[in-house]
Amino acid sequence: MSIETHYRICPLCEATCGLEIKAEGRDVVSIRGDRQDAFSQGFVCPKGVALADLDNDPDRLTTPMIRDDAGWREATWAEAFETIESNWKRIFAEHGKEALGVYLGNPTVHNTPLSMYGVGFLQSMRGAKLFSASSVDQWPKQFISALMFGTGLSVPIPDLDRTDYLVIMGANPLVSNGSLLTAPNIGARLRGIQERGGRIVAMDPRETKTTRVADEHLFIRPGADAYFLFAVVNVLFAEELVSIGELEEHLEGLEDVRELAKLFEPESVAEKCGIGADTIRRIARELAAAKSAAVYARIGTCTQEFGTLASWLPEVIHVLTGNLDKPGGAMFPRGAHGPGNTKGKPGSGKGFRHGRHRSRVSERPEIFGEYPVACLAEEIETEGKGQIRAMLTVAGNPVLSTPNGTRLAAAFDSLEFMVSIDMYLNETTRHANVILPATKVLERCHYDMAFAQFAVRNVARYSPAHFEIEDGFVPEWQIMLTLMGIVNGMGAAPELAMLDGMMISTMIRREGAKETSPIHGRDPAEILSALAPRVGPERIIDFMLRTGPEGEGFGANPEGLTLSKLEDNPHGIDLGPLMPRIPEVLRTSTGKIELAPEPITKDVRRLKDRLGASEEMVLVGRRHLRTCNSWMHNIPAMVPASNRCTLHIHPNDAERLGVKNDELSTVTSRVGSVTIGTEVTEGIMPGVVSIPHGWGHDVESIRMGVAKRHAGVNVNILTDEDAMDAPTGNSVLNGIPVSIAPAGVVAGAEAAAGAVEG
Ligand SMILES: Nc1nc2c(c(=O)[nH]1)N[C@H]1C(S)=C(S)[C@@H](COP(=O)(O)OP(=O)(O)OC[C@H]3O[C@@H](n4cnc5c(=O)[nH]c(N)nc54)[C@H](O)[C@@H]3O)O[C@H]1N2
Ligand SMILES: Nc1nc2c(c(=O)[nH]1)N[C@H]1C(S)=C(S)[C@@H](COP(=O)(O)OP(=O)(O)OC[C@H]3O[C@@H](n4cnc5c(=O)[nH]c(N)nc54)[C@H](O)[C@@H]3O)O[C@H]1N2
Ligand code: SF4
Ligand SMILES: [Mo]
C-alpha cells in the first residue's frame, strides 16, 4: 500500500498546530509539524506527535457500554440508545427536562462536529441545567469581555508578534502552549519580543519555563494579582501617565476607575503581593512608556479568589496606556467563521445579560446560560422540585477536574441515570449507566471555531476526516442528533438526515433575518441547494464560512472564502495580522467600551476588605508539557519519569513543617486530605505549595491501564466547592488554604502516593 500524506490541525490544545501525517492505509507511520502550515510553520509538541497513540489506545472504548447489576458489558448502539430513551422518557415524564444536568468538558471545544451538534442538542433541550469546564477555567475573562465589549468571545488578545512589552501573569505558555492566546510556537514569538529589544515580565508564585525565559520574574502571592494591577492603575493616574488616545470617544466609566484606584496605593498592597511598592511603580511606568505593551493574564488569575477583577484590570491598563486595539497591544481577532462580534450592526448591540435565572440551591446567577459547576453536586443531592436526577457528561471528567471531586463522585452515584460520551471508562464515566464511545480524531473533520477567535493572526484552516469512520460506529455529531431526537419524542432511532436538515435550515433562517447578512432577503431554499451535496458538519462549516466576514456570501463576494477554497489550501490561509476593530467590534448597548461595569466594580469592596487577610500556606496548581488536563496519562509516551504528581514545597517550609524530599506528605484542606510524594524546591515561593491537577487514577473500576500505574492523587479532593470568584461563581483552584504534615518515610514516595480520604 502506498504512503499518503494528510495535513491536519492538532486538536489537543489551543495552539492549533498544523501536523503532517503520513499513513499507509489506516496505519499512521509518522507525525511531524507541517512546515508549510500558514500559522504554525512546522512547530509541534510531543502531544501532537502522539495523536495516533491516542486514536489507537487499546483501552479506548470501541462499542457502547452498559452497566447493569453484573457490571459493565459491551452493547450495540441500538440497545444503548433504547436504554437512554426509556430512562429519559420516564424521568422527563415524572420530573420534566429540568431533571437533566448536562456537563460539557473542555475537549468539546476542540472537537468541531461534537461542539456544533452539541449546541443544537442543547437548544432542543431547554430546561436542562447546563454546566461546563468554563466555570473552572475562563469564565471571568468571558464575563468581563461581555460586559466591557458586548460579547463573551470578544476577548482582547496580546498582539505577541508586534508587542514591545509583555507582562505574563498566572500563565505558563511555554508549557501550556497558550490559552485564550492561540499562538503556535509561542517560545519563538516570546524570543521575538526580546530580539526586537522588548521586555517580558512574568508574575508567578512559582518558577516556570516561562519565568525562566522572561527578562524579569516577580514572585507574587497567589490571589494578589488584582491588588498589584489596581496599584498599577493607581500609579498611572497619580503620575499622569494615562494616555488613552483615539479610544477616548468610545469610552464610558473612566472617572469611576480613577476613583476606585485611589483605594490601592502601591504601599498599601506591597505586602499582600509580596512585591515592593517601588517595583509596582516601575512596572506601571514601563507599561506606560513602552511603544506598545500588553498584559496577558490567564488560568492563575482566573481560577482564584478575585478572578473577575484580575481579568478586568489588564483591560483597564490596556485602555489607560493606549494599548487596547493597537498593534502590539491587545487586539480583537476576526474569526472567518463569523462569530457574534462580526454579526449584526457594527458598533452596537443588545449588550450582555446574565442572572436571568438562578440555581435552585445556592441561588447562583446563570452566566452564558450555565451555572457554576461547583454547584453541580448540591443540585443533585438536594431533594425537591428541579432536582437533577439524570446526568449527561460530554467529553468531561469533572470528578478529577472540578472542586471537591469526592462529593461530586458520591452525588453521581445517587443519580437515577447517567450517560457519558467519552473514549474512556474513567473516574467520571464509571458512574454512568451508559457510555457512548467518542469518535477518533483522524476520523472527524475539524475547523477551529473557538480558537480562531483567540489567535494572534487571522487564519482559516480546515482538516477533513482522514480515515473513514469504522463500520457500524456512530460519529459524535450523529450521537448528538440522536439524543436530540430522543428528547423530542422521536424514539431511539430518529431520522438523522431530517434532524440535520432542520438544524441547517434554522441556521439559514436566523442568518437571513439579520439585515447585515449577505443572505438577507434571499430564498432559504436557494441557499440550502447552494450548499449541496454537503451534509452534516461540513455543510455547517461551509455555511458559516460563506456568511462570515471573509465569506463568499453565496455570490455577494465571489472571491471570498468557502469550504472548497480551504480544501484546496490544506495548509490553511493566512488572513493577515490583527487589525484594529473599535468601534466596529463593540456590541454593548451603549456602543461604547464599558470600562467600569457595575457587576465588576461592586466586587472592589470585597477586594479592599480582604487586604489584611493572610493564610499561612496556600496551594496552587501547575501543568506539565505532556499532559492534557486529566486524560492523556494513558499514553505511555506522556508519562515519562519527569511527569509526576508531586507536592512542590520551598525548603524553608519543608524544614519548618518537617517534611522531606522524596518522602510522603499529607496535605489537608477544609474539604479533604491527600498523601503525596514531596519535592522540595527553591522554585516556589515560601508559603505556597503546588500540586498538578488531572491525576488520581487509583480507582479500581477504571479501564486505563497505563494511567493506573502512574496514578498520582486528585488535587481536586482538596479544592473547595464553596470557594468562588464572587461575581461569576468561577471556582477558586489556586490559593487554597492547606496544612501540611509529614506522612512517614517511603522510599520512592511517588510510587506509593495515593489519596487517603475525601
Ligand atoms: N485544581 C485544578 N483543577 C483544574 C484546573 C487547574 O488548573 N487546577 N484546570 C481546569 C481547566 S482549565 C479545565 S479546562 C478543566 C478540564 O475539565 P474537563 O474537561 O472536565 O476534564 P478533562 O480532563 O479535560 O477531561 C476530558 C474528558 O473528555 C474525554 N475526551 C477527550 N477527547 C474527547 C472527544 O473528542 N470526545 C469525547 N466525547 N470525549 C473526549 C477524555 O477522555 C476525558 O474524559 O479542568 C479544570 N480543573
Ligand atoms: N501541557 C498542557 N497544556 C495545556 C493543558 C494541560 O493540562 N497540559 N491544559 C490546557 C488548558 S484546558 C488550559 S485552560 C491552559 C492553561 O494555560 P495556562 O494559563 O498557561 O496554565 P498553567 O500552565 O497552569 O499556568 C498557570 C500558572 O499560574 C500560576 N499561578 C497560580 N496561582 C496564581 C496566582 O494567584 N497568581 C499568579 N500570577 N499566578 C498564579 C501557576 O503557578 C502556573 O504557573 O492550558 C492548556 N494547555
Ligand atoms: S502545542 Fe498543542 S496543538 Fe501544538 S502539537 Fe502540541 S498539543 Fe498539539
Ligand atoms: Mo482549560
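Remember, it's 1-based here, ligands and their atoms both numbered in the order they're listed. Since the model is a prediction, treat every value here as computed from it, not as a measurement.
Between S176 and ligand 2, an N or O atom pair is found at a separation short of 3.5 Å. The N/O atoms of L625, backbone and side chain alike, include one that comes under 3.5 Å of an N/O atom in ligand 2. For ligand 2, the polar-atom distance check against H624 finds a nitrogen or oxygen pair separated by under 3.5 Å. For ligand 2, one of its N or O atoms has an N or O atom of D204 under 3.5 Å away. Every N/O-N/O distance between Y296 and ligand 2 stays at or above 3.5 Å. An N or O contact shorter than 3.5 Å is missing between P205 and ligand 2 by distance. Taking only nitrogen or oxygen atoms, main chain and side chain alike, I299 reaches within less than 3.5 Å of ligand 2. In terms of polar-atom proximity, defined here as any N/O pair under 3.5 Å, D422 does make such a contact with ligand 1. Checked against a 3.5 angstrom limit, the closest N/O atoms of K47 and ligand 2 fall inside it. Considering backbone and side-chain atoms alike, T439 places every N or O at 3.5 Å or more from each N or O of ligand 1. Checking only distances, S401 does come within under 3.5 Å of ligand 1, N or O to N or O. Inclusion of M203 in the set of residues having an N or O under 3.5 Å from an N or O of ligand 2 is warranted.
If you look at A171 next to ligand 2, the close heavy atoms, those under 4.0 Å, come from the backbone and the side chain alike. Heavy atoms of T210 found under 4.0 angstrom from ligand 2: none, in either backbone or side chain. Only the side chain of N734 comes within contact range of ligand 2, with a heavy atom under 4.0 Å; no backbone atom does. At a 4.0 Å heavy-atom cut-off, ligand 1 touches N426 through the side chain alone. Neither the backbone nor the side chain of M632 comes within 4.0 Å of ligand 1, counting heavy atoms alone. In N716, the part holding a heavy atom less than 4.0 Å from any atom of ligand 1 is the side chain. Residue contacts with ligand 2, taken as heavy atom pairs separated by less than 4.0 Å, involve D225 solely via side-chain atoms from C-beta onward. Both the backbone and the side chain of T627 come within 4.0 Å of ligand 2, counting heavy atoms alone. The residue T303 has no part lying near ligand 1, judged by heavy-atom distances below 4.0 Å. Residue T16 touches ligand 3 through its backbone alone, judged by heavy-atom distances below 4.0 Å.
Ligand 1 lies out of reach of H110, whose nearest heavy atom is not under 4.0 Å from it. Within the 4.0 Å heavy-atom cutoff, G105 counts among the residues contacting ligand 1. Using a 4.0 Å heavy-atom cutoff, Q138 is absent from the residues neighbouring ligand 1. In this structure, P398 is part of the shell of residues with a heavy atom less than 4.0 angstrom from ligand 1. Residue contact check for ligand 2: T208 places a non-hydrogen atom closer than 4.0 Å to it. Taking a 4.0 Å cut-off on heavy atoms, V394 fails to register as neighbouring ligand 1. Heavy atoms of C628 approach ligand 2 to within less than 4.0 angstrom.
The main-chain N or O of S614 is never found under 3.5 Å from a side-chain atom of K272 such that the two would form a donor-acceptor pair.
Residues D204 and T211 bring no donor and acceptor atom of their side chains to less than 3.5 Å of each other. Of the N and O atoms on the side chains of S134 and Q138, at least one donor lies less than 3.5 Å from an acceptor on the other residue. A donor-acceptor pair shorter than 3.5 Å can be found between the side chains of D34 and H571.
Listed by number with element, the atoms of ligand 1 under 4.0 Å from a non-hydrogen atom of V715 are 1 (N). Ligand 1 places these atoms under 4.0 Å from at least one heavy atom of Y103: 17 (O), 18 (P), 20 (O).
Nearest to atom 28 (O) of ligand 1 among the protein's heavy atoms is A395 C, 3.1 Å. The nearest heavy-atom contact from the protein to atom 9 (N) of ligand 1 is R623 NH2, 3.2 Å. The nearest heavy-atom contact from the protein to atom 4 (Fe) of ligand 3 is C17 SG, 2.3 Å. The nearest protein atom to atom 23 (O) of ligand 1, hydrogens excluded, is given as S630 OG, 2.5 Å; this is a heavy-atom distance. Of all protein heavy atoms, the one lying nearest to atom 19 (O) of ligand 1 is N106 N, 2.6 Å. If you check which protein heavy atom lies closest to atom 35 (O) of ligand 2, you get G223 N, 2.7 Å. Summary of contacts: the protein heavy atom closest to atom 13 (C) of ligand 1 is N629 ND2, 4.1 Å.
For the residues H693, K440, R444, the heavy atom positioned nearest atom 2 (C) of ligand 1 is part of H693. In this structure, of D137, I421, T402, the residue bringing a heavy atom nearest to atom 14 (S) of ligand 1 is D137. Of all the listed residues (M704, E476, M423), E476 holds the heavy atom that lies closest to atom 37 (C) of ligand 1. The closest heavy-atom contact to atom 10 (C) of ligand 1, among the options V136, V441, N111, comes from V136.
Within the model, atoms CG of N177 and OG1 of T182 stand 10.5 Å from one another, a figure rounded to the nearest 0.5 Å.
A ring-centre distance under 6.0 Å is not found for H710 and H697. When ring centroids are compared, W77 and F473 come within the 6.0 Å threshold. Aromatic pair H110/F451: ring centres closer than 6.0 Å.
At most 12 heavy atoms of other shown residues, nucleotides or ligands fall within 6.0 angstrom of atom CD in E271. Around CZ of R35, the count of heavy atoms belonging to other residues, nucleotides or ligands within 6.0 Å does not exceed 12. Within 6.0 Å of NZ on K209 lie no more than 12 heavy atoms contributed by other residues, nucleotides or ligands.
Across all their heavy atoms, R626 and N643 have their closest contact at O-ND2, 3.5 Å.
The shortest side-chain heavy-atom distance between S463 and Y7 does not fall under the 4.5 Å cut-off.
Checking C10 against atom 4 (Fe) of ligand 3, every N/O/S atom stays at or beyond the 2.8 Å cut-off.
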